[in-house]
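Scroll down for the structure; my scribbles are underneath it.
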Amino acid sequence: MSFAEKAYSLLAVCYITALAVALAVSPQVRQLPYLLPLSLLGVAVNVGLLYVVFKDIFSRRFANPYSRYIWVAAIFLFMPAILVYLPLHGFRKR
């Protein structure tokens, strides 16, 4: 990953974490006028994060050729798997 992709990945994870904390702590954020724009921004951030991570997966060489497909399936079916993929593979050189 390039520096920009790493920075975007970290900011995306921070945004989603902050949104989850805000929703859990502040009842005002759960109202529709606040919830709708914050959630739409969260969707846009997640789409960008998925693009960056899938681009990295398909451009990286793995020791096992099936590892690529296992990571794609894990991230597609269980999105928090990105939190495991990024430190293990994403932030390292290809």
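A single hydrophobic cluster is seen to contain both Val84 and Val13, as judged by linkage of ILVMFWY side chains at heavy-atom distances under 4.5 Å, directly or through other members. Placement of Val72 and Leu77 in two distinct hydrophobic clusters is found when ILVMFWY residues are connected by side-chain heavy-atom separations under 4.5 Å, directly or transitively. By the criterion of side-chain heavy atoms lying less than 4.5 angstrom apart, applied directly or through intervening Ile, Leu, Val, Met, Phe, Trp or Tyr residues, Ile70 is not grouped with Phe54; the two fall into different hydrophobic clusters. Taken together through direct or relayed side-chain contacts under 4.5 Å among Ile, Leu, Val, Met, Phe, Trp and Tyr, Leu41 and Ile16 form part of one hydrophobic cluster. Cluster annotation: Leu83 and Leu11 are assigned to distinct hydrophobic clusters (Ile/Leu/Val/Met/Phe/Trp/Tyr, side-chain heavy-atom contacts under 4.5 Å, transitive).
The number of heavy-atom neighbours closer than 6.0 Å to CZ of Phe91, taken from other residues, nucleotides and ligands shown, is above 12. The neighbour count for Phe58 CZ, taken as heavy atoms of other residues, nucleotides or ligands under 6.0 Å away, is above 12. Within a 6.0 Å sphere centred on CZ of Phe76, heavy atoms belonging to other residues, nucleotides or ligands number 12 at most.
Between the CG atom in Leu86 and the CE atom in Met1 there is a gap of 5.0 Å [rounded to 0.5 Å].
Looking at heavy atoms from C-beta onward, Asn46 lies in side-chain contact with Met79 at the 4.5 angstrom threshold. Counting heavy atoms from C-beta on, the side chains of Ile82 and Leu50 come closer than 4.5 Å. Using a 4.5 Å cut-off on side-chain heavy atoms (C-beta onward), Leu35 and Leu23 make contact. Using a 4.5 Å cut-off on side-chain heavy atoms (C-beta onward), Ile57 and Ile75 make contact.
Residues Val53 and Tyr85 share a closest heavy-atom pair of CG1-CD2, 3.9 Å. The minimum heavy-atom distance between Ala74 and Ala81, with the atom names listed, is O-CB, 3.8 Å.
Between His89 and Phe62, the ring planes are perpendicular. Angles over 60° get that label, and only those under 30° would be called parallel.
No side-chain donor-acceptor contact under 3.5 Å links Arg60 to the backbone of Arg68. With hydrogens and angles disregarded, a donor-acceptor distance shorter than 3.5 Å links the side chain of Ser59 to the backbone of Asp56. Here the side chain of Tyr8 pairs no donor or acceptor atom with the backbone of Phe3 at under 3.5 angstrom.
Remark: Lys55 pairs with Glu5 by the salt bridge (Lys or Arg N to Asp or Glu O under 4.0 Å) rule, at least two apart or across chains.
Applying the side chain to side chain donor-acceptor pair (under 3.5 Å) definition to pairs two or more places apart or across chains, none involves residues 9-24.
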